[in-house]
Number of protein chains: 2
Amino acid sequence: MKSAVKAQQAEDSAETGAQQIRDAIREAIVERRLSPGTKLSESDVGNLFNVSRTLARAALQALSYEGLVSVEKNRGAFVAYPSPDEARQIFAARRLVEPGILREAAARITPGDISQLRQLLLEEGRLMSERGQTARRAEIKASGDFHLMLAEISGNAIMQRFMEELVARSSLVIALYGQSTASSCGHSEHGDIIAAIENDDLDRACQLMLHHIAHIEADLDLRERKSLGLKEAFEL
Amino acid sequence: MKSAVKAQQAEDSAETGAQQIRDAIREAIVERRLSPGTKLSESDVGNLFNVSRTLARAALQALSYEGLVSVEKNRGAFVAYPSPDEARQIFAARRLVEPGILREAAARITPGDISQLRQLLLEEGRLMSERGQTARRAEIKASGDFHLMLAEISGNAIMQRFMEELVARSSLVIALYGQSTASSCGHSEHGDIIAAIENDDLDRACQLMLHHIAHIEADLDLRERKSLGLKEAFEL
DNA sequence: ACGCAAAAAATCGTATACAATTAGCCGTCG
DNA sequence: CGACGGCTAATTGTATACGATTTTTTGCGT
């Protein structure tokens, strides 16, 4: 799975400082070590990675393009705090594209791909039973990787990159609005989808995928709670 | 249409130099005043807009995230030169998402939206009959705006941004591989799609959209012609 | 005249420095 | 006692400077 995209700039591909920082921060956000709303000042980021503000700034700008941090002019960068409406749009986008990706992936899937998917599933299950923060974080990533791997199999680098953005932002949304202590993704549903693909039952696989996404979304509490109303917070 | 997205950083929204440059270059690329492969050195861009290399660099980096320019480490930035395979992926992505966007848009479309779409169509037709470079460029933009407006009507800012990227990159592809001198888009097909939406015939609208995209793609010559081989160029 | 190697030029990568804007603080005034 | 105003500190926006890498040129030898 780490063979990820890296589509453009094929040849030299030596990540240029800023990209390393960007990736490190992104990973921290996706694994929820950084909470939504956390301030990411350019100086702090620079000091943390022992680079100049120039590179820190570049990394933050890059993350802002992916929707993972929001930079406010003359105020600074913050880990994105998606509104309930944004959250709905993210999942609407996933419902819109994932069935299509699934179809494309099913059309070109190889036995090797399937065994890789199964292995991912196994790993996911193993992490799920473990205790501890680090296992939990790895599990969060693994459950997203299932969706990303389908995108990779589809062979469309553009859709793959888009899915990476959607999965990452989903992680933020779940961190903010998720209710169940249970992990992010219904684990068994992933297995069902693979099974449907193997049976060449594409329609069923797509339907399962839609249910799966709906299931994740159903676990969210997307009520507008704009800093607790500031009035309602004390009147009750 | 210019009410565009601008989702993040809602409040002050005063574009910060680099963004202005980015938009200017993007417009130049989409309108095909800049050809694929053109070198965009940071110094040149900076001088052209009377800003420092810092801002020029930021703008180019931003464009690289959108896939409109490719930056090669220690070599420079160039207007993207999508490979035939990339071109296919771009159109595959459009086939994958545009029907879905169309369905979402149809669900929330208002009479006002329809009249705006019609007006866009009229403008497009007017420009099509005119002669001259500037009219041609405006037409290119207008034909893309039809698709973008549907995305805007769909109410999903994320899908809208993605469509903006896809339309812009499509323009590059057409510039590179387009054959017919005729414009980029079958104009009448846009009208047919609107008509189908008005008749609440969603399935037909989606089918028309798919045909429309296929039609654009059919006008491309996507054979691998890697700088004409340097040998084959003279042996025939 | 051709090819190769070393130097020169140009360009990018990163750091530092300065200017502009914002946020917090404190003192004064009503 | 609360509110307003200006000042200071912190943070971002932009420019300039320096080092590294690549490309081109140039000059020498064969």
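Chain A is the first sequence line, chain B the second, and so forth, proteins listed ahead of strands; every chain is numbered from 1.
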Which atoms form the tightest heavy-atom contact between A:Arg108 and A:Gly155, and what is the distance?
-> NH1-CA, 3.8 Å
Whole angstrom is fine here: how far is it from CG in B:Asn50 over to C1' in D:dA15?
-> 13 Å
Return the polar atom pairs (N/O with N/O) between nucleotides 10-12 of chain C and the protein under 3.5 Å, or none.
residue: C:dC12; atom: OP1; partner: B:Glu42; partner atom: N; Å: 3.4
residue: C:dC12; atom: OP2; partner: B:Glu42; partner atom: N; Å: 3.4
residue: C:dC12; atom: O3'; partner: B:Asn74; partner atom: N; Å: 3.2

Examine distances only and state if a side-chain atom of B:Asn156 and a backbone atom of A:Gln89 form a donor-acceptor pair shorter than 3.5 Å.
-> yes
Which heavy atom of B:Val173 sits nearest a heavy atom of B:Leu220, and at what distance?
-> CG1-CD1, 3.7 Å
Partners of A:Glu104 by salt bridge (charged side-chain N to carboxylate O under 4.0 Å, His left out), sequence neighbours excluded?
-> none
Sort out for me which residue in B:Arg169, B:Arg22, B:Arg161 forms a salt bridge (charged side-chain N to carboxylate O under 4.0 Å, His left out) with B:Glu66.
-> B:Arg22
Report the C-alpha separation of A:Glu217 and A:Arg94 in whole Å, then their side-chain angles, then the decisive distance to 0.1 Å, and conclude whether the salt bridge (Lys or Arg N to Asp or Glu O under 4.0 Å) test is met.
-> CA-CA 11 Å; A:Glu217 201 175 357; A:Arg94 291 187 63 165; over 6 Å; no
Side-chain N,O (A:Thr16) to OP1/OP2 (C:dT14) below 4.0 Å | yes
Rounded distance (Å) that lies between atom C1' of D:dG19 and atom CG of A:Leu55 = 14 Å
Interatomic distance where CZ belongs to B:Phe49 and P belongs to D:dA15 [whole Å] | 13 Å
